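To start, the structure itself, in structure tokens.
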Amino acid sequence: MIEFKDVSLVYPNGTEGLKNINVTINDGEFVVIVGLSGAGKSTFIRSVNRLVTPTSGSLLIDNEDILKYRGSDLRKLRTKIGMIFQSYNLVNRSNVLKNVIAGRLGHTGTLRSILNLYKKEDIGLAYESLQRVNIDDKIHSRADELSGGQQQRVSIARVLTQKPNYILADEPVASLDPPTSHQVMTYLKKINKEDNITTIVNLHFIDMAMEYADRIIGMRAGEVVFDGPVSEVSEKT
Ligand code: ADP
Ligand code: ADP
């Protein structure tokens, strides 16, 4: 469970990224945050894995205030949270296998990842994860040889090897054409339901949000201006 309690975030230049947010996201929910560019969607998502730090309030994840976290607590928190970005964030010169295994072992630092010496179980898990997003046939391709949609599926597979409790996707389809966007959203929703992974997705198209969300949070100028099930959106807009 993720609980924002009176959370505000003021950037060093004085911009209010979040204003007094009170939102509870329950386990297993598929929440879509919609709003124009600059509304605060990224700031909301990035607060949850502490890429940015709110300046007041409390943000509880599984009943612990993560705004108090430092060092090793933060590292542990981030292992529980899978991140998906608009720009995929794969290592271009590495192959798909190496990128996906990085979800589990990290890109750098371990001798294993430097030498490409992986355990059988890690390779098995990577392969299984790629199968779930139907891109296992590209396991030996370089990341930058793939199309945008394929790269985003690889980034979903990378998150799956992490076995996260939460998935945060910041504009995951903003660089993709409509059919590919639907494909990526379908995989995110399927994984949410099959693995019961609480998922928060930022989108700037309300139509796409209505099609996939269990619940929609609308943001404007750092504030939550709507929070409810899809059925309530059509009544009010
Ligand atoms: P969205 O994801 O909805 O486009 P953001 O969360 O990126 O919105 O931005 C919310 C507001 O905070 C915007 O006014 C943006 O310009 C501002 N902002 C975002 N990041 C920073 C930053 N690092 N420093 C200052 N202002 C920022
Ligand atoms: P988004 O795609 O989330 O809207 P942007 O393209 O607005 O992101 O921002 C890209 C980067 O610049 C982010 O790291 C964000 O925090 C930072 N940023 C955004 N707005 C500002 C701002 N007004 N001042 C400083 N940094 C900003």
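For ligands, and for the atoms within them, numbers begin at 1 and follow the listed sequence. Model, not experiment: these values are computed from the prediction. Side chains included, hydrogens not; waters and symmetry mates left out as well; all remaining heavy atoms used.
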Please report, to 0.1 Å, the donor-acceptor pairs under 3.5 Å made by any side chain of residues 67-74, with sequence neighbours excluded.
residue, atom, partner, partner atom, Å
Tyr69, OH, Glu64, OE1, 2.5

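For ligand 1, the atoms lying closer than 4.0 Å to a non-hydrogen atom of Ser37 are 4 (O). The atoms of ligand 1 that sit less than 4.0 Å from any heavy atom of Ala39 are 1 (P), 3 (O), 8 (O). Atoms of ligand 1 lying under 4.0 Å from any heavy atom of Thr43, numbered from 1 in the order shown and given with element: 5 (P), 6 (O), 9 (O), 10 (C). Annotation for ligand 1: atoms under 4.0 Å from non-hydrogen atoms of Thr15 are 12 (O), 14 (O), 17 (C), 26 (N).
Looking at residues two or more places apart in sequence or on another chain, you find no side chain to side chain donor-acceptor pair (under 3.5 Å) involving Thr24.
Scanning Ser47, Gly38, Ser42, Pro12 for the heavy atom closest to atom 4 (O) of ligand 1 points to Gly38. One option in Gly17, Ala221, Gly40, Gly222 has a heavy atom closer to atom 8 (O) of ligand 1 than any other, and that option is Gly40.
Considering only heavy atoms from C-beta on, Ile156 comes within 4.5 Å of Ile84 through its side chain.
A donor-acceptor pair is defined here as one N or O able to donate and one able to accept, closer than 3.5 Å; such a pair exists between the side chain of Lys189 and the backbone of Tyr212.
Counting heavy atoms closer than 4.0 Å to ligand 1, residue Asp170 contributes nothing at all.
A distance of 14.0 Å separates CE in Met1 from CG in Asn165, rounded to the nearest 0.5 Å.
A salt bridge links Glu121 and Arg104; the closest N-O separation between the charged side-chain nitrogens and carboxylate oxygens is under 4.0 Å.
Put simply, part of Leu36 is less than 4.0 Å from ligand 1, judged by heavy atoms.
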